[in-house]
K.L.:
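I have a structure here, written as structure tokens, and I will follow up with some questions on it.
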Number of protein chains: 2
Amino acid sequence: MNIGDVSRLSGLPAKTIRYYEDIGLIKPLRSSNGYRAFRDKDLHKLNFLARARSLGFSIEDCRTLLELYEDQDRTSADVKKVAETHLERIDEKIRELKAMRETLNELVDACHGDHRPDCPILKGLSSPTQ
Amino acid sequence: MNIGDVSRLSGLPAKTIRYYEDIGLIKPLRSSNGYRAFRDKDLHKLNFLARARSLGFSIEDCRTLLELYEDQDRTSADVKKVAETHLERIDEKIRELKAMRETLNELVDACHGDHRPDCPILKGLSSPTQ
DNA sequence: ATGGGGCTTCCCGCAACTGGAGGGTCAAGC
DNA sequence: GCTTGACCCTCCAGTTGCGGGAAGCCCCAT
């Protein structure tokens with residue numbers, strides 16, 4: 001398979017796939033013409049990466065998960081730990097965003113949004129949030 | 001005021017303040033020794049920026065908001081529009097994160113997390129999410 | 001005068017790609 | 001055999017919003 005094929009099959013842009021090779025996540029073979037030659041194994045890994053990335057795992061997490069994926073002697077505890085740590089990061093991010101959302105929403109609600117210059121949003125931004 | 005002073009007062013790192021000058025968000029004067037000389041006006045802007053950034057506004061949004069802040073002829077509708085657009089981006093982000101959280105949580109819950117290699121998390125990542 | 005801050009500029013690096021330039025390869029159609 | 005277009009290759013620069021660190025002034029206290 002050429003890069004275009006695995007790109008279509010995995011849904012990942014060819015650029016991304018080349019990047020993943022650059023940073024050592026996948027190691028496709030090469031044809032005599034210099035084209036990357038992907039095996040089923042490479043495609044599986046790309047699908048794995050696409051799904052892990054879509055769940056928000058960092059590239060480094062993905063590297064770890066791929067290693068565990070390929071290690072027959074892994075323990076599920078190791079995998080779970082990575083996932084739980086990531087879950088906590090997600091929760092933290094959600095909390096942050098909700099806090100932003102709340103403050104911002106109050107400001108937006110207080111703003112008339114008419115032709116006049118008077119604006120509680122700008123006022124809120126220019127005076128301390130207590 | 002020197003950069004250290006406004007850094008302490010605004011809570012922004014000196015590096016960040018220099019960066020904001022680089023990209024034209026603030027325009028402090030210069031003392032004869034080459035040091036940046038910040039006026040109250042600059043400090044106000046830095047505080048404004050710190051608060052806008054903490055609400056998740058992008059630098060470009062901040063630039064727009066600062067312009068509106070300084071424009072006596074603005075309309076509050078213009079400000080509100082920027083804020084509402086940002087609010088929608090936040091909501092979208094929260095939705096994404098919650099979807100991730102849900103999927104990830106299911107996988108984590110299904111995983112024993114013991115010494116055995118069998119792991120639903122890796123299985124989930126290696127087979128299509130239907 | 002010497003030591004320790006503080007300030008300056010400049011350049012590199014981060015994450016995770018994306019875009020584009022400049023060029024080789026391959027298969028089909030004429 | 002030649003061209004055309006769709007692929008593919010590498011390499012370099014840019015994105016966002018800074019942070020780290022080098023190399024070198026400046027200023028004040030001892």
Side-chain angles (χ1 to χ4, degrees), chain A residues 1-39 42-43 45-46 48-66 85-86 89-90 93 96-97 100, chain B residues 1-39 42-43 45-46 48-66 85-86 89-90 93 96-97 100:
Chain A
M1 283 179 289
N2 283 344
I3 200 166
D5 304 318
V6 286
S7 172
R8 268 180 296 278
L9 290 168
S10 67
L12 292 170
K15 279 272 185 182
T16 300
I17 297 172
R18 291 195 193 97
Y19 174 67
Y20 287 170
E21 185 190 11
D22 271 1
I23 62 175
L25 288 180
I26 51 166
K27 292 176 181 49
L29 303 177
R30 292 289 175 143
S31 306
S32 52
N33 59 10
Y35 287 15
R36 287 170 184 82
F38 296 85
R39 295 152 291 179
D42 300 311
L43 179 56
K45 279 197 185 186
L46 288 172
F48 185 100
L49 287 167
R51 292 186 197 107
R53 291 288 297 135
S54 79
L55 288 180
F57 283 105
S58 71
I59 290 285
E60 283 319 302
D61 279 348
C62 288
R63 194 187 299 278
T64 305
L65 289 172
L66 260 189
T85 302
H86 179 47
R89 276 199 307 265
I90 289 181
K93 202 90 187 72
E96 281 174 23
L97 285 171
M100 283 181 190
Chain B
M1 285 178 288
N2 284 344
I3 200 166
D5 304 319
V6 287
S7 171
R8 269 180 295 279
L9 290 169
S10 66
L12 293 171
K15 278 272 185 182
T16 300
I17 296 172
R18 292 196 192 96
Y19 173 66
Y20 288 171
E21 185 189 11
D22 271 0
I23 62 174
L25 288 180
I26 51 166
K27 294 176 180 49
L29 303 176
R30 293 288 174 143
S31 306
S32 52
N33 60 8
Y35 287 15
R36 287 171 184 81
F38 295 85
R39 294 153 291 179
D42 301 311
L43 179 57
K45 279 196 185 185
L46 288 171
F48 185 99
L49 287 167
R51 291 186 197 108
R53 291 289 296 139
S54 79
L55 288 180
F57 284 104
S58 71
I59 292 284
E60 281 320 301
D61 278 349
C62 288
R63 192 187 301 277
T64 305
L65 289 171
L66 260 187
T85 302
H86 179 46
R89 275 198 307 265
I90 290 182
K93 202 91 186 71
E96 280 174 23
L97 286 171
M100 283 181 191

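Being a predicted model, the structure only gives us computed values, none of them experimental. Letters A, B, ... are given to chains in the order of the sequence lines, protein chains preceding strands, and every chain is numbered from 1. Computed over heavy atoms, backbone and side chain alike; hydrogens, waters and symmetry mates excluded.
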K.L.:
What pairs of residues pass the side chain to side chain donor-acceptor pair (under 3.5 Å) test when at least one of them lies in residues 19-28 of chain B, not counting sequence neighbours?
P.N.:
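Checked against side chain to side chain donor-acceptor pair (under 3.5 Å) - neighbours excluded - the pairs reaching residues 19-28 of chain B are B:E21-B:R30, B:E21-B:R36.
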K.L.:
In whole angstrom, give the distance that lies between atom CD of A:E60 and atom P of C:dA15.
P.N.:
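Between P of C:dA15 and CD of A:E60: 7 Å.
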K.L.:
When you check the phosphate oxygens OP1 and OP2 of C:dT8, does a side-chain N or O of B:N33 lie under 4.0 Å from one of them?
P.N.:
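Result: no.
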K.L.:
Could you pick out which residue, A:R53 or B:R36, lies toward the 5' side of DNA chain C when each is mapped onto its nearest nucleotide?
P.N.:
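First, find each residue's nearest nucleotide; the 5'-ward one identifies B:R36.
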K.L.:
Over all heavy atoms of both residues, which pair between B:S31 and B:A37 is shortest? Give the atoms and the distance, please.
P.N.:
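Nearest pair, atom of B:S31 first, then B:A37: OG-CB, 3.6 Å.
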K.L.:
Of all of residues 8-27 of chain A, which get a heavy atom below 4.0 angstrom from DNA chain D, listed by number?
P.N.:
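Output list: A:K15, A:R18.
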K.L.:
Round to a whole Å and report the spacing from CG of A:D61 to C1' of C:dA16.
P.N.:
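From A:D61 CG to C:dA16 C1': 14 Å.
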K.L.:
How close or far is atom P of D:dA6 from atom OH of A:Y35, stated in whole angstroms?
P.N.:
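For the pair A:Y35 OH and D:dA6 P, the rounded distance is 14 Å.
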K.L.:
Given atom CG of A:N2 and atom C1' of D:dC8, what is their separation to the nearest angstrom?
P.N.:
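The distance from CG of A:N2 to C1' of D:dC8 comes to 7 Å, rounded to the nearest Å.
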K.L.:
How long is the span from the CG atom in A:L55 to the CG atom in A:L65, to the nearest 0.5 Å?
P.N.:
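These two atoms lie 10.0 Å from each other.
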K.L.:
Rounding to a whole Å, what distance do you find between A:I3:CD1 and C:dT18:C1'?
P.N.:
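Distance, rounded to whole Å: 14 Å.
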K.L.:
Charged N to carboxylate O under 4.0 angstrom, A:K45 versus A:D42?
P.N.:
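Judged by the 4.0 Å cut-off on N to carboxylate O distance, A:K45 and A:D42 do not form a salt bridge.
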K.L.:
Hey, could you give me the CZ/CG distance between A:F38 and A:D5, rounded to the nearest 0.5 Å?
P.N.:
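The CZ atom of A:F38 sits 9.5 Å away from the CG atom of A:D5.
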K.L.:
With a 4.0 Å cutoff (strictly under), does any side-chain N or O of A:R63 reach OP1 or OP2 of C:dA16?
P.N.:
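Checking C:dA16 against A:R63, no side-chain N or O comes under 4.0 Å of OP1 or OP2.
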